[in-house]
Novice: 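Sharing a structure here in structure tokens format.
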Protein chains: 2
Amino acid sequence: MASQPLPKSARGRPRDPRTRVAILAAARALLERGGLTAVTIEAIAQKAGVSRPTIYRYWSNAPAVAMAAFLEATGAPDAARKAATPLAALRAQLHAVADAFAAPTGRSVAAMVAAAQSETELAKAFRNEFIARNRDATRVLLEQCIAKKLVSSPAETDLALDLIFGPLFYRLLMGHAPITRSFVDRLLDVVIPARD
Amino acid sequence: MASQPLPKSARGRPRDPRTRVAILAAARALLERGGLTAVTIEAIAQKAGVSRPTIYRYWSNAPAVAMAAFLEATGAPDAARKAATPLAALRAQLHAVADAFAAPTGRSVAAMVAAAQSETELAKAFRNEFIARNRDATRVLLEQCIAKKLVSSPAETDLALDLIFGPLFYRLLMGHAPITRSFVDRLLDVVIPARD
DNA sequence: GTTATATTACGTTACGTAGCGTAACATTAA
DNA sequence: TTAATGTTACGCTACGTAACGTAATATAAC
């Protein structure tokens, strides 16, 4: 009897899950230390104890690996959970963003923004994952604030998001001024002044 | 009488001014078409009709040439000259920025922001020239508006500048929404609401 | 003035290196 | 038997530099 061909994923030698993990961990470490230019296939291979061709069997090029590593290391924002009010939650979440941007992670974020400028696929992945994640989480909190009339509601939520995240990324990328929690507070004072 | 040694620039064969011009023009053209990755020393050399070593005698690497070409092509902002009031001038200048960011020039700006992430020297040059130029020009107009009480004065001018340029760069780099004149207008409505 | 000489710009050629992306083949795990 | 992985080996692009010769200009010596 001719047996049905098994699905690809079940035939042959399975991928060693440690391979993927090792590659991403190596890429992440290289990214944080030396920026995007340090993330070469050769360096990843050596650091991860994996052969170069194997990496190409997972991703198409070095920036793609870097992006995957970055996105996997960057979970959904969750700093706002134990806040009492939506406004406090919003503030807490943006403080967390400021902290991350000011820390070494910030350099990785900047590197990914830079990488996304030259490759469409990377740009799409970055926008749909990292940017959207932060924007959406903030949008939810912002709309809760509006619904509960905790703030003078801004004309448009999307505009407000640009007014909040724009300056944060601007400082991150230009480096003309530090990214602090008080900077976030002053931004919020302008964009969504507390009611009364 | 032992004559003083002449300044370096007066001895020997003078540089052919066309060399520098040709290199920068070639770099600029390559930058606008193919982004930063297209600006290689080899491509510049070929397009400019100049040898590779000659380029290295002027600049240390390809991104440095690209930055020089970009900065030379980007003069000081001047769109605000024939405006009637400081507020109109401010608006006109920022409309010009929006137009530039929405045009092919915008891609060059984004490419330079990206390049500035990996090299300190480039970052400094970019910040001190391009960013400072735009910021300073806008600051002057903004302070005129405040002095004449045309707007509700923002708490800090620098914060206002971040709130204006931040979202513009944010949209340029992320590409999640278009950069239009009405976007500028809505930004200004929030950051410096017109008085009364 | 005319002629040497120093100095600098530029081209040509060549070199070694890094990193890329791919192909061929052997080995290993299911 | 099938597919994952390692090993090795290519060819390619671009880099950055070095060596050499020549062109252009200024200064100095006569």
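Order of the sequence lines sets the chain letters (A, B, ...), proteins ahead of strands, with each chain counted from 1.
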Novice: In terms of side-chain heavy atoms of A/Y56, which of C/dG11, C/dC20, D/dC15 is nearest?
Specialist: C/dC20
Novice: Output the rounded distance in Å from CD (A/E42) to P (C/dT17).
Specialist: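 Going from CD in A/E42 over to P in C/dT17 covers 14 Å.
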Novice: Could you tell me how far apart B/L36 (CG) and D/dA14 (C1') are, to the nearest whole angstrom?
Specialist: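 Interatomic distance, CG of B/L36 to C1' of D/dA14: 14 Å.
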Novice: Among D/dT5, D/dA18, C/dT22, find the nucleotide with the atom closest to the side chain of B/P53.
Specialist: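 So the side chain of B/P53 is nearest to D/dA18.
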Novice: Under 4.0 Å between a side-chain N/O of A/T19 and OP1 or OP2 of D/dT5, yes or no?
Specialist: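 Looking at the OP1 and OP2 atoms of D/dT5, one of them is under 4.0 Å from a side-chain N or O of A/T19.
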Novice: Should the pair A/F130 and A/F169 be assigned to parallel (<30°), tilted (30 to 60°) or perpendicular (>60°) ring geometry?
Specialist: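 Rings of A/F130 and A/F169: perpendicular, over 60°.
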Novice: Distance check: side-chain N/O of A/S60 vs OP1/OP2 of C/dG21, anything under 4.0 Å?
Specialist: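 The answer is no; no side-chain N or O of A/S60 sits under 4.0 Å from OP1 or OP2.
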Novice: From the list D/dT25, C/dC10, C/dC20, which nucleotide is the closest neighbour of the side chain of B/R15?
Specialist: C/dC10
Novice: From the list C/dC20, D/dC15, D/dA19, which nucleotide is the closest neighbour of the side chain of B/R57?
Specialist: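 Between C/dC20, D/dC15, D/dA19, the one nearest the side chain of B/R57 would be D/dA19.
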Novice: Picking from D/dC15, D/dT5, C/dG11, which would you name as closest to the side chain of B/S51?
Specialist: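 Of the options given, the side chain of B/S51 lies nearest C/dG11.
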Novice: Does A/T74 reach the main-chain N or O of A/L71 with its side chain, forming a donor-acceptor pair under 3.5 Å?
Specialist: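 Looks like no, no N/O pair under 3.5 Å.
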Novice: I want to check a possible cation-pi pair here: B/R20 against B/Y58, using under 6.0 Å from ring centre and within 45° of the ring axis as the test.
Specialist: no
Novice: Let me know, please, whether A/V50 or B/T40 comes out on the 5' side of the other along DNA chain D by nearest nucleotide.
Specialist: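 Nearest-nucleotide comparison on DNA chain D picks A/V50.
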Novice: Would you tell me whether B/S108 and B/T105 have side-chain atoms, one donor and one acceptor, within less than 3.5 Å of each other?
Specialist: no
Novice: Specify the separation, in whole Å, of atom CD1 of B/I41 and atom P of D/dC15.
Specialist: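 Computing the B/I41:CD1 to D/dC15:P distance gives 6 Å.
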Novice: If you count heavy atoms of other groups shown closer than 6.0 angstrom to CD of A/E156, is the number above 12?
Specialist: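 For A/E156, atom CD is crowded (more than 12 foreign heavy atoms under 6.0 Å).
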Novice: Please report the distance, rounded to the nearest Å, between OH in B/Y58 and P in D/dG16.
Specialist: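 Roughly 18 Å, once rounded to whole Å.
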Novice: What is the distance, rounded to the nearest whole Å, between atom CD1 of B/I55 and atom P of D/dT17?
Specialist: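 Going from CD1 in B/I55 over to P in D/dT17 covers 14 Å.
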Novice: Is a donor-acceptor contact shorter than 3.5 angstrom present between the side chain of B/R13 and the base of C/dA9?
Specialist: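 Answer is yes: a donor-acceptor pair is held.
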Novice: Taking only the side-chain heavy atoms of B/R52 (C-beta and beyond), determine which of C/dA30, D/dC15, C/dT7 contains the nearest atom.
Specialist: D/dC15
Novice: B/R11 side chain N/O closer than 4.0 Å to the phosphate oxygens (OP1, OP2) of C/dT8?
Specialist: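 Answer is yes, contact under 4.0 Å.
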Novice: In this structure, how many angstroms lie between the P atom of D/dT7 and the CD atom of A/Q46, rounded?
Specialist: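 Checked: the CD to P distance equals 13 Å.
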Novice: Whole Å only: how far is the CG atom of A/L30 from the P atom of C/dG19?
Specialist: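 Roughly 11 Å, once rounded to whole Å.
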